[in-house]
Amino acid sequence: MRLTKYFLPTLKENPAEAQIVSHRFMLRAGMIRQQAAGIYAWLPLGHRVLRKIEQIVREEQDAAGAQELLMPTIQPAEIWRESGRYDDYGKEMLRIRDRHEREMLYGPTNEEMITLILRNEIKSYRDLPKQLYHIQWKFRDEVRPRFGVMRGREFLMKDNYSFDLTPEAARHSYRQMFLAYLRTFARMGMKAIPMRADTGPIGGDLSHEFIILADTGESQVFCHKDWLETDVLSQEVGYDDDLAPFFDKYTSLYAATEEMHDPATCPVPATDLVTRRGIEIGHIFYFGTKYSKPLNATVTGPDGETVTLEMGSYGIGVSRLPAAIIEASHDENGIVWPDPVAPFKVGLINLKAGDGDCDRACETLYARLRAKGVDVLYDDRDQRPGVKFADMDLIGLPWQLMVGPRGLKAGMVELKRRATGERVELLPEDAVARLSA
RNA sequence: CGGGGCGUAGCGCAGUCUGGUAGCGCGCGAGUUUUGGGUACUCGAGGCCCCCGGUUCGAAUCCGGGCGCCCCGACCA
């Protein structure tokens with residue numbers, strides 16, 4: 001993509017409304033624009049990141065055996081009356097009426113709808129287990145939206161729902177998602193720590209919040225220092241294995257949110273305890289028959305008996321993740337995207353647009369990188385180098401490839417790693433080779 | 001939902017107390033200059049001063065009402 005053609009409205013100054021670093025950088029980097037309190041438009045650069053994150057989430061859900069479907073954003077009120085949650089949900093639920101005065105709502109979550117879909121189609125224990133998920137916009141009319149997309153009213157969520165015959169089978173589904181979440185966040189370059197959590201209004205007896213550590217996090221969290229050294233991607237465990245040992249191992253390492261942490265009973269000695277700020281990016285629940293019972297979602301069991309479905313739900317705040325990643329990965333100049341979620345892999349900077357040699361060298365590099373399938377953003381603007389450096393640091397692409405008259409005299413270009421600031425001079429063809437490796 | 005603050009050019013702000021032709025910086029357009037970390041200068045465009053009503057010869061400014069947004073707290077993917 002050529003920057004002269006791209007819609008990338010960057011800002012030099014901090015918008016007054018943005019308090020936390022991710023919100024400031026998302027606005028300044030031209031990723032989002034606010035439309036109303038807690039409601040945002042995703043501009044091209046932000047949308048690219050959102051799509052990358054969404055895709056990683058999708059791949060890991062699929063790998064865990066879940067199947068994607070898509071449910072509507074608008075739901076009829078009656079199904080919420082049937083589960084008994086219509087009144088409980090209160091003002092957070094956006095209630096609307098259609099032209100026939102039928103009561104509708106903009107879905108804040110989908111337990112009711114998915115349960116009803118399954119209820120009508122699943123008759124036998126032979127149809128189980130099932131895990132179904134979608135990635136869809138939700139609306140919760142928060143009292144106080146803030147921090148940009150971190151606490152928006154409209155947000156994109158991946159919500160998965162598991163259906164099993166027995167509590168044991170349901171716990172296996174829960175552990176599958178536990179593993180999938182560890183992998184999902186690790187793939188995005190983040191260390192997400194599962195912490196035993198309150199089940200809150202969703203109910204149930206088993207729940208974990210996945211929290212990433214960041215100085216600007218919303219709540220205080222505590223964990224054993226060994227968590228910081230844990231590499232979940234190296235785990236050799238499959239989704240169909242017995243996941244109990246794996247699950248027990250990970251849940252035995254202490255990790256707790258402020259509400260669940262009691263210094264008096266904490267089993268970890270102070271020297272091993274890490275106290276940090278944390279951001280919640282995922283939450284998983286096992287809640288048994290809380291919804292299947294009132295909604296009468298049953299199957300016929302092996303002995304001909306009627307069995308109420310055992311359920312769990314598993315959410316990832318997809319639209320919150322770009323902000324959470326920025327909170328965990330930035331410096332004073334801007335965002336530092338982990339490679340897997342970066343909107344482009346490399347920014348090609350023409351330090352002297354209009355100069356024949358620079359233009360030619362850049363065009364060649366641009367064409368070769370694209371031919372190799374490398375996502376490259378080519379800054380071909382007629383701007384001062386300083387402007388380009390500043391913008392490129394701000395939007396945080398992992399690599400910057402700088403082409404200027406000074407280096408070209410020796411036939412060299414310069415490759416900078418955004419995260420470390422490390423630079424090397426090398427031949428253009430070597431730069432292509434390194435970036436497409 | 002309690003407490004506080006703010007709405008003036010695309011962004012950041014001054015002007016409001018004490019009513020009298022709407023300003024500054026950045027950004028934007030044209031040009032000169034400069035060319036490896038937000039260059040300098042010249043010229044220029046850009047405003048329902050959040051909205052409605054009131055007071056007044058005259059309102060960005062005073063008064064009343066409304067709307068929107070932000071911050072702290074309680075709540076939350």
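In the text below, chain A, chain B and the rest are named by the order of the sequence lines, each starting its count at 1.
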Novice: I need the A/I39 CD1 to A/F139 CZ distance, nearest 0.5 Å.
Specialist: 4.5 Å

Novice: Any side-chain N or O of A/K352 under 4.0 Å from OP1/OP2 of B/rU35?
Specialist: no

Novice: Is there a Watson-Crick or G-U wobble partner for B/rG2 with both distances under 3.5 Å, and which nucleotide is it?
Specialist: B/rC72

Novice: Extract from the structure each pairing of a protein N or O with an N or O of nucleotides 7-14 of chain B at less than 3.5 Å, listing the distance.
Specialist:
{"residue": "B/rC11", "atom": "O2", "partner": "A/E13", "partner atom": "OE2", "Å": "3.4"}
{"residue": "B/rG12", "atom": "OP1", "partner": "A/A16", "partner atom": "N", "Å": "2.8"}

Novice: Using ring centroids (six-membered ring only for Trp), state whether A/H208 and A/F178 fall under 6.0 Å.
Specialist: yes

Novice: On RNA chain B, nearest-nucleotide positions of A/K91 versus A/E142: which is more 5'?
Specialist: A/K91

Novice: What is the pairing partner of B/rU61, taking Watson-Crick or G-U wobble pairs with both distances under 3.5 Å in any strand?
Specialist: none

Novice: Just to be sure I understand the geometry, which residues of residues 333-350 of chain A put a non-hydrogen atom under 4.0 Å away from RNA chain B?
Specialist: none

Novice: For A/F155 and B/rA77, do the ring centres fall under 5.5 Å apart while the planes stay under 30° apart?
Specialist: yes

Novice: Pick base, sugar-phosphate or nothing for A/R33, based on heavy-atom distances below 4.0 Å to the nucleic acid.
Specialist: nothing

Novice: With a 4.0 Å cut-off, would you call A/E54 and A/K158 a salt bridge?
Specialist: no

Novice: Checking all strands, does A/R153 fall into the base, sugar-phosphate, or nothing category for heavy-atom contacts under 4.0 angstrom?
Specialist: nothing

Novice: Strictly by Watson-Crick or wobble contacts shorter than 3.5 Å, is anything paired with B/rU16, and which nucleotide is it?
Specialist: none

Novice: If you pin A/M402 and A/R146 to their nearest nucleotides in RNA chain B, which one's is more 5'?
Specialist: A/M402

Novice: Would you mind pulling out the nucleotide paired to B/rG38, Watson-Crick or G-U wobble, both distances under 3.5 Å?
Specialist: none

Novice: Round to a whole Å and report the spacing from CE of A/M392 to P of B/rG38.
Specialist: 16 Å

Novice: Are A/V403 and A/L351 close enough that some pair of their side-chain heavy atoms sits under 4.5 Å apart?
Specialist: no

